[in-house]
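Take a look at the structure below.
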Amino acid sequence: MTVAAGTTMIGSGQAPLIDPFGRAISYLRVSVTDRCDFRCFYCMSEHMSFLPKQELLSLEELDRLCSAFVTRGVKKLRLTGGEPLVRRDIMVLFRSLARHLESGALEELTLTTNGSQLTRFAQELADCGVKRINISLDTLDPKKFHAITRWGDISKVLAGIDAAQAAGLHVKINAVALKGDNEDEIPSLMEWAHGRGMDLSLIEVMPLGEVGTERVDQYLPLSLVRARLETKYTLEDIEFRTGGPARYVSVKETGGRLGFITPLTHNFCEGCNRVRVTCTGTLYMCLGQDDAADLRTPLRASEADGLLQAAIEEAIARKPKGHDFVIDRRTKRPAVSRHMSLTGG
Ligand code: SAM
């Protein structure tokens with residue numbers, strides 16, 4: 001392999017992945033399953049058809065794929081889904097990937113979860129070297145929770161949060177800001193999270209996949225949420241970053257941190273360091289664009305990683321500048337047809 005002059009050699013001697021806009025790819029998000037035990041109404045349609053299991057990469061293949069990115073400079077690896085903790089034997093993958101933490105090649109191994117399975121898995125995740133996790137929770141009201149998730153039980157999630165904290169995991173709560181559904185609850189959700197020593201990040205709903213309702217009826221701009229919060233709280237912008245797209249403020253009255261993930265009102269594509277792989281080995285260079293690369297074929301074509309690495313390089317060389325999400329009454333179609341549960345949130 002030829003390496004451009006001035007390029008730093010890393011990992012096992014391979015060059016880092018730099019896209020056409022000079023952005024280094026240091027963060028990989030891997031959706032290990034498209035299945036979930038919830039059906040959040042803004043994420044999935046009520047009757048989803050899921051991928052046949054034989055199309056999925058095996059855990060060994062997922063390991064190989066993740067490891068190929070780690071040798072190319074990925075420092076942060078997030079397993080997501082669907083719900084990552086409903087994938088059978090998922091701990092085998094966590095345990096195996098932990099070797100990259102031990103070697104120092106990887107700085108962070110983490111996951112995004114709905115929390116429903118954490119009473120079972122929190123301690124094992126901590127034992128694998130997972131330090132921080134994101135738990136998605138849009139409301140603390142049991143009835144609303146059931147309505148948003150279509151069939152979720154909030155008591156399991158709250159028990160999961162307890163288990164995660166008891167295992168020493170640092171928990172961040174992610175909540176999608178939903179017009180009419182949880183907008184009045186955002187201050188109390190924040191006070192609850194901060195009271196338990198957890199950061200809260202708010203997320204703008206994105207137009208991903210057909211979900212059977214108009215996005216405009218769900219969309220709550222975080223610029224508005226922030227303005228409302230500022231009538232009651234003192235928010236101070238801070239430089240704190242976790243390697244993702246959230247921009248943080250500290251809240252004087254609670255002493256906690258609040259993140260804003262604003263793909264619509266203010267995207268941060270210029271600093272994007274991420275790519276995503278689905279459970280079938282499809283690499284998406286941008287959450288909001290259709291262009292993708294098949295990594296399963298080169299992965300399966302050879303036991304050595306040459307073809308796989310070449311496919312990854314080729315894909316990164318066409319990572320787009322960013323996405324152009326639009327939510328308004330005139331724009332009826334989603335930005336991309338795939339749901340967040342497939343690409344991995
Ligand atoms: N099941 C896991 C969970 O609940 O966190 C991981 C996958 S889930 C797709 C990841 C995150 O994406 C969740 O926080 C979810 O609320 C969020 N999400 C799903 N669809 C979304 C959309 N259309 N716009 C914004 N966020 C969305």
Side-chain angles (χ1 to χ4, degrees), residues 29-46 48 50 78-87 90 110-118 121 125 132-139 144-145 148-154 156-157 160-161 164 171-179 181-182 189 193 198-222 225 244-246 259-265 267 274 276-279 284 287-288 323 325-327 331 333-345:
R29 304 175 69 120
V30 181
S31 175
V32 295
T33 175
D34 62 332
R35 287 164 200 254
C36 189
D37 50 343
F38 295 168
R39 290 286 178 283
C40 299
F41 73 85
Y42 55 84
C43 180
M44 295 187 177
S45 65
E46 189 154 15
M48 292 286 288
F50 295 104
R78 179 181 300 280
L79 302 193
T80 175
E83 171 48 41
L85 297 181
V86 302
R87 170 98 193 228
I90 189 64
T110 183
L111 78 157
T112 297
T113 173
N114 64 28
S116 69
Q117 313 294 315
L118 279 172
F121 293 124
L125 287 166
R132 304 184 308 159
I133 64 173
N134 290 351
I135 302 181
S136 304
L137 179 63
D138 302 323
T139 177
K144 241 187 233 179
F145 184 86
I148 290 175
T149 58
R150 290 198 177 102
W151 60 56
D153 173 0
I154 197 172
K156 283 195 185 155
V157 176
I161 293 171
V171 176
K172 175 162 80 85
I173 301 294
N174 280 345
V176 178
L178 296 162
K179 193 194 312 188
D181 287 299
N182 65 1
L189 193 59
M198 305 183 293
D199 293 346
L200 171 71
S201 281
L202 301 171
I203 308 173
E204 286 175 341
V205 77
M206 290 174 264
L208 305 173
E210 294 287 356
V211 287
T213 43
E214 298 257 358
R215 286 295 183 189
V216 75
D217 295 329
Q218 304 169 346
Y219 172 52
L220 180 62
L222 288 182
V225 172
F260 294 92
I261 302 178
T262 53
L264 281 109
T265 53
N267 79 50
R274 296 176 287 292
R276 297 161 197 263
V277 177
T278 70
C279 55
Y284 285 99
L287 181 62
H323 56 71
F325 290 137
V326 178
I327 295 184
T331 313
R333 301 223 343 240
V336 294
S337 60
R338 57 186 195 278
H339 294 92
M340 184 74 144
S341 52
L342 179 72
T343 325

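Remember, it's 1-based here, ligands and their atoms both numbered in the order they're listed. The first residue of the sequence shown is numbered 1, and numbering continues consecutively from there. Everything numeric here is computed off the predicted structure, so don't read it as measured data.
Checking D181 against Y42 by side-chain atom types alone, no donor-acceptor pair falls below 3.5 Å. Neither side chain, E210 nor S45, offers a donor N or O lying under 3.5 Å from an acceptor on the other. Between the side chains of E83 and T33, not a single donor N or O lies within less than 3.5 Å of an accepting N or O.
Between E83 and ligand 1, an N or O atom pair is found at a separation short of 3.5 Å. In terms of polar-atom proximity, D138 is not counted as a contact of ligand 1, lacking any N or O under 3.5 Å from an N or O of the ligand.
In summary, of the residues considered (T262, T265, N267), a side chain to side chain donor-acceptor pair (under 3.5 Å) with E204 occurs for T265 alone.
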Subject >> Working for side-chain hydrogen bond (donor to acceptor under 3.5 Å, both in side chains), residues T343 and R276 >> reply: CA-CA 7 Å; T343 325; R276 297 161 197 263; over 6 Å; no
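Of the candidates C36, G82, G81, G82 brings a heavy atom nearest to atom 1 (N) of ligand 1. Taking all heavy atoms of G209, S136, P263 into account, the minimum distance to atom 13 (C) of ligand 1 is reached by S136.
Within the cation-pi definition used here (under 6.0 Å to the ring centroid, within 45° of the axis), R215 does not qualify as a partner of F325.
With hydrogens left out, the protein atom closest to atom 26 (N) of ligand 1 is V176 CG2, 3.7 Å, a heavy atom. With respect to atom 23 (N) of ligand 1, the closest heavy atom belonging to the protein is M206 O, 2.9 Å. Nearest non-hydrogen protein atom to atom 10 (C) of ligand 1 is G345 CA, 3.6 Å. Counting protein heavy atoms only, atom 16 (O) of ligand 1 is closest to Y42 OH, 2.7 Å. Closest protein heavy atom to atom 12 (O) of ligand 1: M340 CE, 3.6 Å.
Only the side chain of T80 comes within 4.0 Å of ligand 1, judged by heavy-atom distances. Contact annotation: for V211 versus ligand 1, there are no heavy atoms closer than 4.0 Å.
Residue contact check for ligand 1: R215 places a non-hydrogen atom closer than 4.0 Å to it. Contact analysis puts E204 in contact with ligand 1, with a non-hydrogen atom separation below 4.0 angstrom.
Heavy-atom contacts of V205 reach the following atoms of ligand 1: 24 (N), 25 (C) (cutoff under 4.0 Å).
For S201, the side chain to side chain contact (heavy atoms under 4.5 Å, CB included) criterion is met by K172, N174, A246, Y248, I261, not counting sequence neighbours. Taking the salt bridge (Lys or Arg N to Asp or Glu O under 4.0 Å) definition, one finds that E214 meets it with K332, sequence neighbours left out.
Counting heavy-atom neighbours within 6.0 Å of K156 NZ, excluding the residue itself, gives a total of 12 or less.
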